[in-house]
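Accompanying notes for the structure given below.
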Amino acid sequence: MPDPAEFDVLIAGAGIVGASVAWHLASAGLRVAVIDATGPAAAASGASDGAVSVASKKPGLMARLASESLLYTRELSTGGPLAGAFHARPSYVFGSGAVEMSALDALVSKLADLTGPVRVTADGPATLLPGLGGAVDRLVVLEGEGHMPGHKAVRAYLSRPGITTIWPAPIRAIASDSNGVTLDLGHRKLRGNTLVAALGTATLDLFPALPIQPRAGQLIVTDRGPVDALRGSLTAASYLVAKTGSGDQLPLPPVVIDPLTTGQYLIGSTREAHGRTDQVDFATLKSLLSRASQIWPALLNRRVIRTFAGVRAAVADGLPIVGAMPGQPRVLMATGFEGDGICLSAVIGREVALMVQGLAPQSHWAADLAALSPARFENTAQKGAA
Ligand SMILES: Cc1cc2nc3c(=O)[nH]c(=O)nc-3n(C[C@H](O)[C@H](O)[C@H](O)COP(=O)(O)OP(=O)(O)OC[C@H]3O[C@@H](n4cnc5c(N)ncnc54)[C@H](O)[C@@H]3O)c2cc1C
């Protein structure tokens, strides 16, 4: 007889996805433990921009899920767990040259088709935003989006009573059978009825058959200063192009300038085909800073105080991996959120918690969630194992 389970649900990974799943399950009265190799928001969730953005999502399922998650994030921030973590603000997307102009056309038509919570309130010349520098041919102003630093959201979710947190505790091995799941933490074993694996890029270590690809991104932080006229993020249309996967031919750096509530600016971010977080290079920072200061000249009065890199967990087909793991009873996967995990975490946390409990999905896009199942890689994984 296996040992009785200490927990109803074990959650591997204290990033924003694991934390959101934990909050939803604890709210439903389940005994939940979150295990992390290092600590809360130790990986991508603590090394990202925090745009809760529909504009940057690929058209189709990702944009629809992002719209739904934006609305739900707003709801959770109104007296719920995300109060003080999420704040609403406008978004500005700018462009120059043919490639960026056509990305802006695509953005405007995507948002018109969605009829979601994000709307275009102005579309015209750079003069729409006082303070904007030269080299901008067109500016699209959006209302409805917001910003949420990943580390704040993780701490907010995990502060809910009823969630046991265990770290630093790298999971070394996972064994599952029809009765439950056992985690090997080296110094001890932990038993639960179900496991949710929310491991980001570390999915590769424990589930190597899944096609996760690391995508590093470099970011720059300035010192604090007086809050200026920039009330929301300023995103180059080439950033939208980079997110569709065609970033190799970008004509201009995919810069995003984000004014933080601290009075600092966060300036990002590249998309590089490796997983190194110790590679912040001069040439990349120079090109991001150069375009950023042309676009928002007030930056020239600031000092750079920190640079860092984070790594996104991309998936070969551009969709996250969410659902029951074939051949591993009682293991649910929630990974592969690439550059969208902060935005999608509210809805994904709710839907994964419902899956764990065997309850019907609440998402408007329930029928489409099957497209995210890890079962779509079953043949590839079997071929790889053969
Ligand atoms: C530069 C950059 C900019 C971004 N900007 C945005 C943005 O503006 N908007 C947006 O929505 N998203 C953005 N993202 C993406 C977003 O940060 C991620 O999609 C999201 O944080 C993923 O969360 P997660 O919980 O899936 O993974 P992670 O946050 O990576 O969490 C995984 C956790 O697993 C733990 N772990 C690893 N190995 C083990 C082990 N063996 N045992 C136990 N625990 C382990 C890690 O310590 C970590 O805490 C950005 C990402 C980057 C890198």
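Read the numbers this way: they start at 1 and go in the same order the structure lists the ligands and their atoms. Please read these numbers as outputs of a predicted model, since none were measured by experiment.
Here E338 pairs with R271 in a salt bridge; the nearest charged N to carboxylate O distance falls below 4.0 Å. Between D258 and R89, at least one side-chain N (NZ, or NE/NH1/NH2) sits under 4.0 Å from a carboxylate O, which counts as a salt bridge. Salt bridge D223/R306: absent, no basic N to carboxylate O contact under 4.0 Å. Of the charged side-chain nitrogens involved, none lies within less than 4.0 Å of a carboxylate oxygen, so that R172 and D184 do not count as a salt-bridged pair. Salt-bridge check for D340 with R312: failed, with every basic side-chain N at 4.0 Å or more from each acidic carboxylate O. Salt bridge R74/E68: absent, no basic N to carboxylate O contact under 4.0 Å. Between R191 and D177 there is a salt bridge, with a side-chain nitrogen of the basic residue lying less than 4.0 Å from a carboxylate oxygen of the acidic one.
With hydrogens and angles left out, the side-chain atoms of Q218 and E272 include a donor and acceptor closer than 3.5 Å. One side chain, E100 or S238, offers a donor N or O that lies under 3.5 Å from an acceptor on the other.
Protein heavy atom in closest approach to atom 50 (C) of ligand 1: S48 CB, 3.2 Å. Atom 43 (C) of ligand 1 has its closest protein heavy atom at A37 N, 3.2 Å. Nearest protein neighbour of atom 52 (C) of ligand 1, counting heavy atoms only, is R312 CG, 3.6 Å. Protein heavy atom nearest atom 27 (O) of ligand 1, with residue, atom name and distance: G200 CA, 3.7 Å. Shortest contact from atom 31 (O) of ligand 1 to any protein heavy atom: G15 CA, 3.5 Å.
Every atom of ligand 1 is numbered from 1 in the order shown, and the set under 4.0 Å from a heavy atom of A47 is 1 (C), 2 (C), 52 (C), 53 (C). Within ligand 1, the atoms closer than 4.0 Å to a non-hydrogen atom of A43 are 30 (O), 48 (C), 49 (O), numbered from 1 in the order shown. The ligand atoms of ligand 1 that sit less than 4.0 angstrom from a heavy atom of P170 are 42 (N). Near A198, with a cut-off below 4.0 Å to any heavy atom, the atoms of ligand 1 are 32 (C). Residue G50 has at least one heavy-atom neighbour below 4.0 Å for each of these atoms of ligand 1: 8 (O). Listed by number with element, the atoms of ligand 1 under 4.0 Å from a non-hydrogen atom of A51 are 7 (C), 8 (O), 9 (N), 10 (C), 11 (O). Taking every heavy atom of G310 and a limit of under 4.0 angstrom, the matching atoms of ligand 1 come to 53 (C). Ligand 1 places these atoms under 4.0 Å from at least one heavy atom of C343: 10 (C), 11 (O).
The closest side-chain heavy-atom distance from L76 to F86 is not below 4.5 Å. Annotation: side chain of L266 is not in contact with side chain of I220 (no heavy-atom distance under 4.5 Å). The side-chain heavy atoms of F94 and V140, taken from C-beta on, include no pair separated by under 4.5 Å.
Remark: among candidates I171, L199, D49, L185, the nearest residue to atom 45 (C) of ligand 1 is L199, based on non-hydrogen atoms. When S56, P214, A202, G13 are checked for heavy-atom proximity to atom 38 (N) of ligand 1, A202 turns out nearest. If you check each of S345, S20, S45 against atom 21 (O) of ligand 1, the one with the closest non-hydrogen atom is S45.
Considering backbone and side-chain atoms together, V17 places an N or O closer than 3.5 Å to an N or O of ligand 1. Considering backbone and side-chain N/O atoms, G341 comes within less than 3.5 Å of an N/O atom of ligand 1. In terms of polar-atom proximity, defined here as any N/O pair under 3.5 Å, A44 does make such a contact with ligand 1. Residue I342 has at least one N or O atom closer than 3.5 Å to an N or O atom of ligand 1.
Within the 4.0 Å heavy-atom cutoff, G339 counts among the residues contacting ligand 1. For D36, the closest heavy-atom approach to ligand 1 falls below 4.0 Å. Residue contact check for ligand 1: G268 places no non-hydrogen atom closer than 4.0 Å to it. Residue contact annotation: D340 has a non-hydrogen atom under 4.0 Å from ligand 1. Using a 4.0 Å cutoff on heavy atoms, A12 does not count as a contact of ligand 1.
Both the sub-6.0 Å distance and the 45° axial angle are satisfied by R350 relative to the ring of Y72. Taking the centre and axis of the six-membered ring of Y92, the NZ or CZ atom of R231 falls outside the cone set by 45° and 6.0 Å.
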Passes salt bridge (Lys or Arg N to Asp or Glu O under 4.0 Å), R376 versus D317? Steps please.
CA-CA 10 Å; R376 71 190 193 269; D317 64 5; 2.6 Å; yes
Check the pair D105, R138 against salt bridge (Lys or Arg N to Asp or Glu O under 4.0 Å), reporting the backbone distance first and the verdict last.
CA-CA 10 Å; D105 288 340; R138 178 176 168 195; 2.7 Å; yes
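Residue contacts with ligand 1, taken as heavy atom pairs separated by less than 4.0 Å, involve V311 solely via the backbone atoms N, CA, C and O. With a 4.0 Å cut-off on non-hydrogen atoms, E338 touches ligand 1 through its backbone and not its side chain.
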